Every structure is written in structure tokens, then in C-alpha cells.
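Encoded as C-alpha cells, the structure appears first; notes follow it.
Note that these values count all heavy atoms, side chains included, but never hydrogens, waters or copies made by symmetry. Just so we're on the same page: letters track the sequence lines, and every chain starts at 1. Computed from a prediction, not measured in an experiment: that's the story for all the values here.
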Number of protein chains: 2
Amino acid sequence: MKKKATPKRARTKQKRLSPDDRRKEFVAKATEFFSEEGFGGGTRDLARRLGVTQPLLYRYFPSKDDLIKEVYRTVYLEPFDTGWEKLLADRSKPIRDRLYEFYNAYTNVIFNRKWLRIYLYSGLKGLDINRWYVGVVRDKILTRIVRECRHEAGMPLQTKPTAAELEMAWVFHSGIFYYGVRKYIYESPVLESKEQMISDALDAFLAGFERVFGATVAISRAPVKVVG
Amino acid sequence: MKKKATPKRARTKQKRLSPDDRRKEFVAKATEFFSEEGFGGGTRDLARRLGVTQPLLYRYFPSKDDLIKEVYRTVYLEPFDTGWEKLLADRSKPIRDRLYEFYNAYTNVIFNRKWLRIYLYSGLKGLDINRWYVGVVRDKILTRIVRECRHEAGMPLQTKPTAAELEMAWVFHSGIFYYGVRKYIYESPVLESKEQMISDALDAFLAGFERVFGATVAISRAPVKVVG
DNA sequence: ACCGTTGTTTATCGACCGATCACTTATTAA
DNA sequence: TTAATAAGTGATCGGTCGATAAACAACGGT
């Protein structure tokens, strides 16, 4: 008892995409699908959402696993902006402004159902790509943040942050990160203003870093800037 | 081609447990199993780990889902210690000592592969029990912490914390929580001393709370608007 | 020693999954 | 127009899943 209401006519209306574009379209929709259903979601359901039949998937991807791998690749690699590193290192701006700007931009990218769910799924699976990403966050973001904090506090420059310093940056970073998880995964009520959350977390981090590691040096606090 | 090496002899050795104990044993092992495999893990694999055959599970549990529900129940309810609330409210001790003691005790309970994985899985599934738990953390722990911080800072007592105060407590709490995730789920290197991590996070939180919400700085605080 | 009760296994069912193949339809080039 | 090629579908396979039924084994009361 299948519905057959002029399927051919309907399909011929839409232009045929180039193989590469079609493939990308599949990956994009698959990302959305798996982020909601988990990677246990079936290929038939996925195909139905794509408006095609299930075997067609296997013309574009050798296996479901290969499709999933490509989903990971796009989710993890696509949004990462190398300009962020430069932003964090730009000492012409106050450190607080840099961190505030960075975390607003960063969370604008990762705070959505799709990204967070894919991230958490891959983390639970213990996939290499997740470990790689954690390493990137540590090396490209947190290490840089600690370095800037040390500089700000007039502490001697060290190429590598101490484990305790890095840990403090992790706790700070994770606190912000989990705001997104609470909002988009747990769908729990959160403070409406993400900007204020970041601002307050930043105040606590800078004050804490100074208190724990900086001893005597004071960090003059910049006013909260509400941007974009 | 099944292996049949004297299975009966091996089994008769062990004493038969009472039905209730056997059931509990199953739940305990199932918890371990699902925490590693995810809830997509098969009942046959689970049974193999229990050293029994798969249909036997259905004598103790009506369905796989019922078994899973009981796994959730034990994981979520078992470890929660109501004494923690009293500890947090005990104003004969300095607030920092209370928080330090609480978070050491709390993380001793939840920082293990089993608990964290079950928690994250249930969170991704959007299960009610997860939302319930998040609500408990908010109402029993964070609300109390904020109240104590307000008291400590000599601020007027309010029955309910503001959204911004609660959010700051959440960010602090989540930062500590994610230390466990990084260590036991991502298996990423972390600061060896959990105590130091808690201590430093605590310093940052208390300093930040005072700076952001304390009377003297509240005046100079930039107007971040909390909109609906 | 017997029997009923309970615990456990073997065998199997229907549903669903990922994947493959033969076939049909649409597009492009000559 | 037609032949070649690519895109897409229907049917189906082997495997695994959760769950059930019936047979079997172990224990306890009498």
C-alpha cells in the first residue's frame, strides 16, 4: 500500500545535483539525523529523511561506518577557526576582552544540538577523533590562555604551562562548555544571557588564576562589553 | 561448534543465591556492562558476561528496558547522600571547608567510569531520570551553595538565588564535573591531584562570586542585560 | 525416595539491520 | 534518435536483536 502520487514528476522538477554536491548533501543531512537518533539510527530511516531509498546510500558510501566517519570529519573540522589562536595571542587588547570575544565566538559555533550531540557520542565511543579534538583544545586554546594569563600577571614566561595551571583553564573551559550541554542536550533552563555567563565565568577564572598562581599582581578588571 | 567443557560441574560449585540477591547481582553486572557497551549492547553479550544464557534474563526482568530502568535507578539513587545537604548548611565551619569537603566526597562517588558513562548515556537519551537528577543537583546542592555564599558575603537573604548566581554555581560545578569526564571517559591526562583541582576551582569560584555579586563591585559592574 | 517448585537451557520466532544484486529510469553525448 | 552511462529502486540475503515456549536440571519439603 505504498503512496505513489506522481513521484516521478515531483523528482524531475528539482535539478540534479553534481555527484559531489549530492554527496555533501547526504553527509549534511546524515549529520543532522545521527545527532538526533544517535549512531544506532538505521539506514532506512536515514534514507527516508533524505527522500531516497536505502540502497542508494551505498552508491555514495561504501558502508554505514564510512558515512559516519565523514560525519565526524565535517563536524569536527569544519568549524575550527585558526583566527581564534591569533585573537587569543593579540596583546594589543586586554586579556579579558580577548577571552570574552573568543568564548563568545567559540560558543556560537559549538552551542547547538548537532555539534554537541555528535561530540558527546564520539566521546563516549572513545574515538580517536575525539581525543584529537581534546588535544587541540588543550594545545591551541588552553595552553595559549594560560600563557597569556601568566604574562598578564607578570609571571616568568614558561613555554609549557604547569599541570595545575592547565587544569584550572580546563575547569574554566569545561564550565562554559557545560552551559551548552545543559541548554541543548539536557534542555534544562539556563541563564538566558550567554554573554553574562561567559563574563561571570571569566571574572571567576581570572580572579582565581590571580589568587592561586599570581600572588601579588593585580589584574585590572575591564568592564563587561556586550557585543554581537 | 560450541564449547562445552564441563559447564555443569563448574556451575554447581557456586552456591545458589537467593532470588533477590541474584537479581541484584544481575543488575550490578548489567550496570557495568551497559556503562561500557552503551545501552545498545545485546542481551546475549550481557548474559555471557553474567555466565548464564540469554533467556534467563527474562525470568528476572520482563524486558530489556525494565532492566535498563533498574540500572538507572541504582546508579542515580544509590550514591546520593542526604548528609551532604547538612554538610553544606553547617555554618559552624568556614564555607570553603564545607565546599571542599563536599566536593571531595561527591566526586569520590561519581568519578568512575560506570557512573559517568551511565549518566552521559541517559543524558543523551533525554531520559526523565536525567532531568530529575539535574533538578536535584540544582535544588539540593547549587541553590544551597549560593545561599551560603550570599550569607558569607553579608548579602541580604533571598529564598531563591538569582539566575545569574545559580549559573555561576553551575559553571563552577560543571567545571569540576568535567574533570571526571576527561579522566574517566576521554581518558585524557588530568592533574593528578583531584584535591588540588577542587581547591583551585573553589578559590576561583569564591573569588569570582564575591567579585561579581559582592556589594562593592556590584556598583561598577557593567550592565549586562538579562532579557527573556 | 518422591514430587512439586524454581532455576536454567535449548530451540526458535518475528522484526529489523546493513549490505548486495538485478533491474528500471533519467541524463548526457554522438 | 539512439546508444552509453549514471542515478535510483525493488527484492532479498545473512545476521543479529529482543522475546517466547518448551524441555531439562537442581533443590527443598514431606
Side-chain angles (χ1 to χ4, degrees), chain A residues 1-27 29-30 33-34 36-72 121 125, chain B residues 1-27 29-30 33-34 36-72 121 125:
Chain A
M1 233 52 91
K2 272 192 183 172
K3 243 180 132 183
K4 283 235 172 185
T6 62
K8 294 161 193 175
R9 288 298 177 88
R11 192 150 29 73
T12 48
K13 286 262 182 180
Q14 61 200 20
K15 220 167 35 185
R16 179 181 267 185
L17 278 64
S18 87
D20 199 56
D21 287 343
R22 191 110 172 91
R23 198 183 150 87
K24 281 178 185 169
E25 187 199 359
F26 279 11
V27 173
K29 296 259 188 139
F33 174 77
F34 286 127
E36 291 176 13
E37 304 291 328
F39 292 104
T43 53
R44 282 169 180 83
D45 286 344
L46 169 58
R48 192 176 311 125
R49 183 177 299 209
L50 292 171
V52 298
T53 52
Q54 180 243 7
L56 186 58
L57 293 174
Y58 291 85
R59 176 161 304 261
Y60 291 89
F61 310 96
S63 73
K64 185 187 177 184
D65 244 36
D66 287 87
L67 169 55
I68 289 178
K69 274 181 190 169
E70 232 161 304
V71 167
Y72 281 131
Y121 275 123
K125 280 218 225 167
Chain B
M1 235 55 85
K2 273 188 184 174
K3 244 181 136 183
K4 282 236 170 186
T6 60
K8 293 161 192 174
R9 284 302 177 86
R11 190 153 29 73
T12 48
K13 286 262 183 181
Q14 62 199 20
K15 218 166 43 182
R16 180 182 265 184
L17 277 65
S18 86
D20 198 55
D21 287 344
R22 189 111 172 90
R23 197 183 151 87
K24 281 179 184 169
E25 187 199 359
F26 279 12
V27 173
K29 297 258 188 140
F33 174 76
F34 286 126
E36 291 176 12
E37 304 291 328
F39 292 104
T43 53
R44 282 168 180 82
D45 286 345
L46 168 58
R48 191 177 308 125
R49 182 177 300 208
L50 293 171
V52 298
T53 52
Q54 179 243 7
L56 186 59
L57 294 173
Y58 290 87
R59 173 154 306 254
Y60 290 90
F61 310 96
S63 73
K64 184 187 177 183
D65 244 34
D66 287 86
L67 169 56
I68 289 177
K69 274 182 189 168
E70 232 163 302
V71 166
Y72 281 131
Y121 275 122
K125 280 217 227 168

Mind checking what makes salt bridge (Lys or Arg N to Asp or Glu O under 4.0 Å) contact with A:K125, not counting sequence neighbours?
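For A:K125 there are no salt bridge (Lys or Arg N to Asp or Glu O under 4.0 Å) partners, ignoring immediate neighbours.
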Starting at atom [atom1] of [X], determine the distance to atom [atom2] of [N], rounded to an integer number of angstrom.
{"X": "B:D20", "N": "C:dT6", "atom1": "CG", "atom2": "P", "answer": "15 Å"}
{"X": "B:D21", "N": "C:dG7", "atom1": "CG", "atom2": "P", "answer": "12 Å"}
{"X": "B:R23", "N": "C:dT6", "atom1": "CZ", "atom2": "C1'", "answer": "16 Å"}
{"X": "B:L57", "N": "C:dT9", "atom1": "CG", "atom2": "C1'", "answer": "13 Å"}
{"X": "B:L56", "N": "D:dG18", "atom1": "CG", "atom2": "C1'", "answer": "15 Å"}
{"X": "A:D45", "N": "C:dG18", "atom1": "CG", "atom2": "C1'", "answer": "13 Å"}
{"X": "A:F34", "N": "C:dC17", "atom1": "CZ", "atom2": "C1'", "answer": "12 Å"}
{"X": "B:R22", "N": "D:dA26", "atom1": "CZ", "atom2": "C1'", "answer": "13 Å"}

Spatial distance of atom CZ (A:F33) from atom CG (A:D45) [nearest 0.5 Å]
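Spacing of CZ (A:F33) from CG (A:D45) equals 5.0 Å.
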Distance-only criterion, 3.5 Å: show the donor-acceptor pairs between side-chain atoms of residues 62-69 of chain B and protein atoms not counting sequence neighbours.
from, atom 1, to, atom 2, distance (Å)
B:S63, OG, B:D65, N, 3.3
B:S63, OG, B:D66, N, 3.2
B:S63, OG, B:D66, OD1, 2.6
B:K64, NZ, B:F39, O, 3.1
B:K64, NZ, B:G41, O, 2.9

Could you list the residues that satisfy side chain to side chain donor-acceptor pair (under 3.5 Å) with A:E36, not counting sequence neighbours?
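Not a single residue meets the side chain to side chain donor-acceptor pair (under 3.5 Å) criterion with A:E36.
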For A:R23, all residues meeting side chain to side chain donor-acceptor pair (under 3.5 Å), sequence neighbours excluded
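A:R23: side chain to side chain donor-acceptor pair (under 3.5 Å) contacts with A:E70.
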What side chain to side chain donor-acceptor pair (under 3.5 Å) pairs are there with at least one residue in residues 52-62 of chain B, not counting sequence neighbours?
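Pairs touching residues 52-62 of chain B that pass the test: B:T43-B:Q54.
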Nucleotides 19-24 of chain C: which of its N/O atoms have a protein N/O under 3.5 Å away?
from, atom 1, to, atom 2, distance (Å)
C:dA19, OP2, A:Y58, OH, 2.6
C:dA19, OP2, A:K64, N, 2.8
C:dA19, N7, A:Q54, NE2, 2.9
C:dA19, N6, A:R44, NH2, 3.3
C:dA19, N6, A:Q54, OE1, 2.9

Select base, sugar-phosphate, or nothing to describe what B:G41 touches, counting heavy atoms under 4.0 Å on all strands.
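If one applies the 4.0 Å heavy-atom cut-off, B:G41 turns out to touch the sugar-phosphate alone, with no base involved.
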Heavy atoms only, 4.0 Å cut-off, all strands: where does A:F61 land among base, sugar-phosphate and nothing?
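It contacts nothing in the nucleic acid.
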